[in-house]
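See structure below.
By convention in this document, chain letters (A, B, ...) are assigned in the order of the sequence lines, proteins followed by strands, and residues within each chain are numbered from 1.
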There are 2 protein chains.
Amino acid sequence: MDEVFKALADATRRQLLDRLYCENGQTLHALCEHLDMTRQAVAKHLAVLEAANLVVVVRSGREKLHYLNPVPIHEIYERWIGKYQQHHLAALSALKTSLEENRDHDDDDDG
Amino acid sequence: MDEVFKALADATRRQLLDRLYCENGQTLHALCEHLDMTRQAVAKHLAVLEAANLVVVVRSGREKLHYLNPVPIHEIYERWIGKYQQHHLAALSALKTSLEENRDHDDDDDG
DNA sequence: TTGACATGCAACCAAAAGGTTGCATGATGG
DNA sequence: CCATCATGCAACCTTTTGGTTGCATGTCAA
């Protein structure tokens with residue numbers, strides 16, 4: 001869980017996930033094309049993503065194909081984001097109720 | 001966006017949000033109670049959360065009350081998580097379809 | 001007023017993160 | 001075979017991060 005959050009904290013790594021989202025199963029070399037840093041730096045980022053299980057790799061000869069795994073993102077949503085999502089919706093709902101209350105007796109001025 | 005992801009990357013900060021989720025509008029002092037670090041360290045974490053707009057503060061005399069703001073979390077979901085969520089669901093859907101295809105003519109082996 | 005309390009600010013420090021260079025290994029293809 | 005290409009590994013460096021201590025400021029209440 002913590003590893004996933006930490007992995008997502010870096011813009012470069014989110015960019016890598018975005019690229020895999022567009023085109024799944026890319027090599028390290030291909031993923032380097034769009035990034036302004038050394039291959040080794042990108043490899044480190046991919047290692048972090050792999051450790052967080054956000055990326056799964058498959059060896060194929062001398063190439064290593066990287067695949068996006070959206071499951072941890074889903075889990076983060078289920079076990080963390082969703083809770084606050086509900087909070088957010090509850091707040092909106094409360095606001096709506098409050099507005100309706102005010103409409104019911106709309107002489108009520110909250111100044 | 002990046003600030004929000006970075007803010008969420010630290011376990012202590014997520015813990016702080018969780019505490020505010022349970023009981024909104026707490027002072028720095030109150031939030032320190034459950035954490036094994038100095039008040040100053042906690043204040044720094046709260047500053048990060050505030051910079052990311054995940055926490056909103058209201059001064060009240062010598063106290064500073066911290067309130068959870070779920071909006072950035074919602075935005076992250078809308079602008080980032082949701083996309084991968086759909087990907088996840090699409091994958092599940094594809095799997096389901098595939099299973100159904102196999103059931104329809106279950107001599108069909110895709111080995 | 002004054003002491004206690006809640007917070008703010010700054011210097012400092014160790015560890016982790018993000019990046020680099022250099023070299024090693026293993027597959028591919030002519 | 002052997003040059004080339006894709007990757008792996010390790011040492012090293014700088015900046016950021018997470019934490020500390022020490023002291024300053026402002027507010028409440030007796």
Side-chain angles (χ1 to χ4, degrees), chain A residues 1-20 22-69 72 76 80, chain B residues 1-20 23-69 72 76:
Chain A
M1 185 81 156
D2 189 58
E3 276 186 319
V4 180
F5 272 114
K6 282 215 161 55
L8 293 178
D10 186 90
T12 302
R13 287 194 289 267
R14 290 199 303 277
Q15 216 173 314
L16 284 168
L17 292 179
D18 278 340
R19 294 221 69 82
L20 289 180
C22 293
E23 187 184 338
N24 214 0
Q26 295 190 58
T27 67
L28 167 60
H29 203 77
L31 289 166
C32 283
E33 294 294 302
H34 313 275
L35 294 172
D36 190 24
M37 63 182 69
T38 61
R39 173 182 55 81
Q40 286 86 341
V42 178
K44 280 194 188 180
H45 282 302
L46 287 171
V48 172
L49 291 170
E50 201 181 328
N53 200 32
L54 283 160
V55 158
V56 174
V57 299
V58 175
R59 297 238 40 149
S60 151
R62 65 177 165 182
E63 291 186 333
K64 189 176 171 183
L65 301 176
H66 298 76
Y67 292 88
L68 172 63
N69 178 23
I76 275 194
W80 216 84
Chain B
M1 186 82 155
D2 189 58
E3 276 186 316
V4 181
F5 272 113
K6 283 213 159 58
L8 293 179
D10 186 90
T12 303
R13 288 194 286 268
R14 290 198 303 277
Q15 217 174 315
L16 284 168
L17 293 180
D18 278 339
R19 294 223 67 83
L20 290 179
E23 187 183 340
N24 214 358
Q26 294 190 57
T27 66
L28 167 60
H29 203 77
L31 289 166
C32 282
E33 294 294 303
H34 312 275
L35 293 172
D36 190 24
M37 62 183 70
T38 61
R39 174 181 54 81
Q40 286 87 339
V42 177
K44 279 195 188 178
H45 283 302
L46 287 171
V48 172
L49 291 171
E50 202 182 327
N53 200 31
L54 283 160
V55 158
V56 174
V57 299
V58 175
R59 297 241 35 154
S60 151
R62 66 178 164 181
E63 291 187 333
K64 190 176 172 183
L65 299 177
H66 298 76
Y67 292 88
L68 172 63
N69 178 24
I76 276 194

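The phosphate of D/dT17 (OP1 or OP2) has no side-chain N or O of B/His45 nearer than 4.0 angstrom. Of the side-chain N and O atoms in B/Arg13, none sit less than 4.0 angstrom from OP1 or OP2 of D/dG19. For the pair A/Thr38 and C/dT20, the criterion of a side-chain N or O lying under 4.0 Å from OP1 or OP2 is met. In this model, the phosphate group of C/dG8 is approached by a side-chain N or O of B/Lys64 to a distance below 4.0 Å at OP1 or OP2.
In this structure, the CZ atom of A/Arg59 is 8 Å from the C1' atom of D/dA6, given to the nearest Å. For the pair B/Leu35 CG and D/dG18 P, the computed distance is 14 Å after rounding to whole Å. Between the NZ atom of A/Lys44 and the P atom of C/dT20 there is a distance of 10 Å, rounded to whole Å. Rounded to a whole Å, the CZ atom of B/Arg62 is 13 Å from the C1' atom of D/dT25. For A/Asp36 and C/dG19, the CG to C1' distance is 12 Å, given to the nearest whole Å. Residue A/Leu65 contributes atom CG, which lies 15 Å from atom C1' of D/dC5 at whole-angstrom precision. In this structure, B/Gln26 places its CD atom 14 Å from P of C/dA6, rounding to the nearest Å. As rounded to whole Å, 15 Å separates atom C1' of D/dG18 from atom CZ of B/Arg14.
Each of C/dG18, D/dG8, D/dG18 was ranked by its minimum atom distance to the side chain of A/Leu28; first place goes to D/dG8. When each of D/dG19, D/dA6, C/dT20 is scored by its nearest atom to the side-chain atoms of A/His29, the top-ranked nucleotide is D/dA6. Listed nucleotides C/dG22, D/dT20, C/dG19 differ in distance to A/Gln40; the shortest reach to its side chain belongs to C/dG22.
What you find for A/Asn69 and A/Asn53 is that their closest heavy atoms are ND2-O, 2.9 Å. Here the closest non-hydrogen pair linking B/Lys6 and B/Arg13 is O-NH2, 3.2 Å.
Residues B/Leu54 and B/Leu8 have side chains in contact (heavy-atom distance under 4.5 Å, counting atoms from C-beta outward). The shortest side-chain heavy-atom distance between B/Leu49 and B/Leu20 does not fall under the 4.5 Å cut-off.
Within 6.0 Å of NE2 on A/His29 lie no more than 12 heavy atoms contributed by other residues, nucleotides or ligands.
Donor-acceptor pairing under 3.5 Å, judged by distance alone, is absent between the side chain of A/Arg39 and the base of C/dG19.
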